[in-house]
Structures are given as structure tokens and as C-alpha cells.
Amino acid sequence: MAATMYAGCVRRLLFSCNSQCLNTGASAHLSGFKSAYSLDKLYPGSNLSFTASVPAPSNDKGFSGYIPIKELEISYSRSGGPGGQNVNKLNTKVDVRFHVATASWLPQEAKDGLLQKYRSRISRDGYLLVRSERTRSQHLNIADALDRIRYLVTDVLQKPKEASPESIEKHRRLHERATRERLREKRHRSAMKRQNTVDL
Amino acid sequence: MASRAGQEKALRLLRHLPRVALNNIDHPNPKPASRRKRGAHGGDTHGAGDKGSKARQHFARAGFEGGQTPFYIRIPREDPYKGHHLRREYPPVSLHQLQLMVDTDRVDAGRQIDLTQICNSGLFRLEPLRRQFGFQLTDEGMDEFVTPVNLEVQWASERVIAAVERAGGTITTAFYDMASLQAMVDPERFFKRGVPIPRRALPPQDAVGYYTDPSTRGYLADPEQVARHRLTLAQKYGYELPKVKEGPLTERKDPRQIFFGLEPGWLVNLTDKQVWRVKDPVMSEYFRS
């Protein structure tokens with residue numbers, strides 16, 4: 001059996017495999033081991049880097065849900081309510097604001113919709129504000145605030161459903177019937193009142 | 001009256017026979033096994049006689065519903081402890097504890113922090129024989145976790161993965177079978193046994209879904225899908241995904257590997273400070289498969 005000599009103690013052997021040893025082919029015994037289940041064999045067509053940068057989806061054809069975090073202004077403050085030392089010391093409340101008119105990631109339709117429907121959330125400067133102090137964790141509150149922003153945008157971009165001609169006709173008929181009934185009762189009431197008055 | 005010879009024979013026998021007891025003599029059994037009065041001739045009054053308070057107040061057994069299938073028989077049983085001896089456990093390590101370990105130099109953040117590193121810190125003990133299959137990372141301290149680390153745990157929730165990646169690190173969830181765990185938990189003790197490094201087994205059927213899923217950063221998942229999910233998670237939790245360079249933060253073991261730099265089948269000789277490789281082609285092929 002061929003023996004390979006190792007200098008140094010075992011601990012070093014186990015925990016000092018720096019990336020240089022793994023990447024160069026010089027020390028063959030330290031090169032990356034590949035079994036039959038290595039990832040390049042399981043996924044032959046894949047780019048094997050799991051930290052590769054993925055291109056951000058575009059918001060041109062409608063809102064994809066992507067929000068560039070750089071363009072948001074996130075500020076932190078202390079939450080209200082009970083909670084003792086935790087609520088007094090930690091900045092768990094999150095304010096997320098962005099300028100609606102100049103947001104590059106929003107389609108124009110969404111901007112118009114937000115300015116109209118969610119006027120009350122928009123400041124005089126034109127900044128949409130979303131607050132969250134839902135959880136005890138700052139990071140979960142950021143997630144909640146972003147979720148809320150995405151909800152607002154999708155809500156505003158939602159087109160109302162068009163009613164079918166049959167249902168329009170049905171509603172017209174029912175409305176007419178209700179009006180007829182209402183007027184009939186009104187006439188009856190008025191006649192009864194006239195009948196019950198005494199002409200002095 | 002027996003003859004003298006007969007008496008002596010009897011006495012001789014008595015010395016060797018077992019002691020007289022109720023189970024080796026003929027005696028009437030005064031307490032027959034109690035049986036419930038059932039149908040036919042055990043039916044009608046069911047042993048209660050006719051009328052009287054005894055017949056009327058001898059209530060049926062608890063749960064009896066006049067013959068209707070009783071509730072305690074009608075409802076199916078649920079065994080809360082069924083298979084408990086087969087369930088895998090993952091003792092927790094919080095992000096707060098991990099940050100503390102990194103700050104106080106109990107673990108080396110320059111290399112992958114895996115099961116062995118956590119056990120070697122001396123702060124956590126894993127007992128594979130008690131069905132403990134590794135560590136799970138909990139979210140306590142997720143707001144204060146700031147060090148970029150290369151982590152390998154056995155289970156982590158979504159918010160924990162987000163916390164690690166937000167800090168600029170990477171996390172992988174990996175499975176180790178019993179033999180591999182015993183080697184990992186105390187490598188020095190394992191090498192002293194003089195046994196070749198085992199080949200790590202693949203996860204069992206109920207765990208394959210978890211470890212092949214990119215959203216849980218499974219070690220058997222497609223790396224491209226993992227990269228895509230990193231962006232999705234960053235979008236969900238509202239942080240800019242930091243760029244991670246290929247290097248100490250991205251090194252990973254092969255799915256069959258237990259120790260970095262050591263292959264399955266190799267034999268580590270601590271006394272002579274040697275590592276012995278496999279030469280036999282059949283064995284070599286087995287360890288590489």
C-alpha cells in the first residue's frame with residue numbers, strides 16, 4: 001500500500017485545508033474529491049456556482065415583484081406597546097419610503113394608481129410610506145413592509161373584471177323590479193295617509 | 001401400609017423430587033377465571049338474577065352503551081409515540097451562540113463551520129447513538145448576526161438562511177448517516193480505531209426532498225437554482241444580496257465526503273502520522289461510487 005507522508009499533527013490535517021490546496025493540482029491528495037454523486041454529475045447542464053449573480057427580473061411587462069432595495073429609504077425606530085427591556089432598547093419598528101413619481105422600478109400605470117388610490121399613504125413630497133412593527137424582529141418587519149408594498153402595487157395594477165352582458169341585463173331587470181316595487185309601496189302609503197287625514 | 005422397602009424407596013425419592021407446591025399436586029381450583037356473561041345461556045339477566053336492586057343497580061362496565069359500539073372502540077387509536085425511537089433529532093444551535101463562538105475564536109470563521117468544528121469548540125455535544133443526526137440553526141440572534149461565514153448544518157429555517165446570507169455568508173444543509181456522524185463528532189477517537197474513512201450514505205427517503213431542495217440550501221440541490229433562490233430570499237427579506245467570491249466561503253464537500261482533504265476509504269494512522277490510500281481497484285471503485 002502506498003503511504004503518503006503528512007507533516008504536522010492530525011488537527012491541522014483536518015482543518016487546515018485552505019482553498020489554495022484544493023484548487024491547485026499540485027498536491028493531488030488534497031484535490032477536490034468527486035464521487036459518483038458529485039453535483040457536476042447530478043446536474044450536468046448546470047453552472048455549478050451557487051453564489052453566481054442572477055440578473056434581476058425586469059418590471060417592463062408589468063410588475064414582477066422585484067424591488068431594488070437600494071432605491072428604498074429604510075429607517076428604524078423603537079416600537080410602541082408593552083415589551084419591557086426588549087421594546088425599550090431595540091429598534092424593531094421599520095419605516096420604508098420611496099418617491100413614487102421617480103421610482104424607476106414601477107410601471108407608469110402603477111405610479112398613477114398609487115397616487116390616486118393610496119393618496120393617504122403618500123406625503124406632500126410624494127413619498128409613499130409603509131410602516132411595520134408587527135414582529136419582535138427588525139428583519140421580519142422589513143419583510144412585512146416589503147410584502148405590503150408589493151400588495152399595494154399589485155392591487156393598483158389589478159384590472160376590474162368585466163361583467164358579462166347576461167349579468168348586466170340581469171342586474172338591470174332586478175333594479176327595475178325593485179324600483180317598481182318601491183314606488184308601488186310609496187303610492188300605497190301616501191294614499192293611506194290621505195285617507196286617514198280629516199279635512200277640518 | 002407400605003412395606004419397609006417401599007417406605008425407604010419413597011423417602012429416597014423425596015430427597016430428589018421438587019418441593020410440594022400448589023402447582024404439582026392435585027387440588028380443586030377455588031377461583032375460576034372470571035368471564036363476562038355473553039349471549040345464549042350467559043345472556044338474559046347476565047348473572048344478575050331476577051329483579052331486585054342488585055339486578056337493577058349492577059351497572060354495566062364503564063363505557064358500555066347498551067350494545068352500540070362504544071366510543072372507546074369506535075374511535076381509531078392514535079399512537080403519539082409510534083416510531084419515536086426512529087425519529088431523527090437535531091439539537092439546536094442559535095445564531096446568537098454562533099456569533100459568540102466566532103467572536104471568541106471558538107470556531108474558525110476562515111474555514112467551513114461544520115458539525116466537527118462545532119463539536120470541537122467544546123460547547124456543544126452531539127450524541128449520534130441517541131438519534132441526534134446533527135445540529136439545527138435557530139433564529140435567536142438573527143438580527144445581530146453580522147459575520148460572513150461558510151456554514152454547514154443539518155437543518156435551518158428560511159429566516160436563518162436569510163440572516164446568514166444577508167451577512168455575506170453561505171449556508172448548506174447536509175445529511176450525515178450514523179457511521180459518518182460518529183467519525184465527525186470525535187475524529188481523533190475515530191482515527192484511533194484504525195478503520196478506513198466511511199463513504200457517507202445518501203439521505204433516507206423522507207429526507208431526500210429536503211436535501212435536494214434549493215430553497216433549503218440542500219447539499220444535493222442544483223447550485224444554479226440555489227443562486228436563483230438567494231435572490232428571491234434577498235427580495236423577500238429586503239436586503240441587497242452581497243457578492244460572495246469563490247473561495248473559503250464557497251468550499252463544499254462532495255456528497256460522499258466526510259472530511260475536507262480526506263477521501264472515503266483512506267486510513268489515517270495517527271501514531272506514525274501517515275495517511276494510507278486505497279490501491280485495490282475494486283475497493284477504490286467502491287469508495288468513489
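Chain letters run A, B, ... following the sequence lines, proteins first and then strands; every chain starts at 1. All of these numbers come straight from a predicted model, not from anything done at the bench.
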Item checked: Donor-acceptor pair between A/Asn141 and A/Tyr76 side chains, under 3.5 angstrom -> no
Item checked: Donor-acceptor side-chain pairing of A/Ser79 and A/Thr92 below 3.5 angstrom -> yes
Can you say whether [X] sits under 4.5 Å from chain A via the side chain, the backbone, both, or neither, judging by heavy atoms?
| X | answer |
| --- | --- |
| B/Arg288 | both |
| B/Leu220 | both |
| B/Arg159 | side chain |
| B/Glu165 | neither |
| B/Thr250 | both |

Checklist line | Aromatic B/Tyr219 / basic B/Arg252 pairing, under 6.0 angstrom, 45° off normal | finding: no
Notebook entry, point to check: Does B/Arg199 make a cation-pi contact with B/Tyr286 (under 6.0 Å, within 45 degrees of the axis)?
Noted result: yes
Checklist line | Pair A/Lys170 + A/Glu166, salt bridge at N-O below 4.0 Å | finding: no
Notebook entry, point to check: Is the closest basic N to carboxylate O distance between B/Asp114 and B/Lys253 below 4.0 Å?
Noted result: yes
Check each atom of [X] against the heavy atoms of chain B and say whether the ones under 4.5 Å are side chain, backbone, both or neither.
| X | answer |
| --- | --- |
| A/Ile67 | both |
| A/Tyr43 | side chain |
| A/Leu42 | side chain |

Next item on the list: Tell me, yes or no, whether the heavy-atom count around B/Glu240 atom CD, taken from other residues, nucleotides or ligands under 6.0 Å, exceeds 12.
Entry: yes
Note to self: Does atom CZ (A/Arg150) have a neighbourhood of more than 12 heavy atoms from anything else shown, all under 6.0 Å?
What the structure shows: yes
Next item on the list: Classify the ring geometry between B/Tyr210 and B/Trp155 as parallel (under 30°), tilted (30 to 60°) or perpendicular (over 60°).
Entry: parallel
Quick check for you: among [options], which has the greatest number of heavy-atom pairs under 4.5 Å with chain A?
| options | value |
| --- | --- |
| B/Thr170, B/Asp222, B/Leu249 | B/Asp222 |
| B/Arg228, B/Met142, B/Arg217, B/Lys243 | B/Met142 |
| B/Thr172, B/Leu202, B/Leu241 | B/Leu202 |
| B/Asp139, B/Asp280, B/Leu231 | B/Leu231 |

Next item on the list: Against chain B, work out which of A/Ala36, A/Ser53, A/Pro57 has the most heavy-atom pairs shorter than 4.5 Å and name it.
Entry: A/Ala36
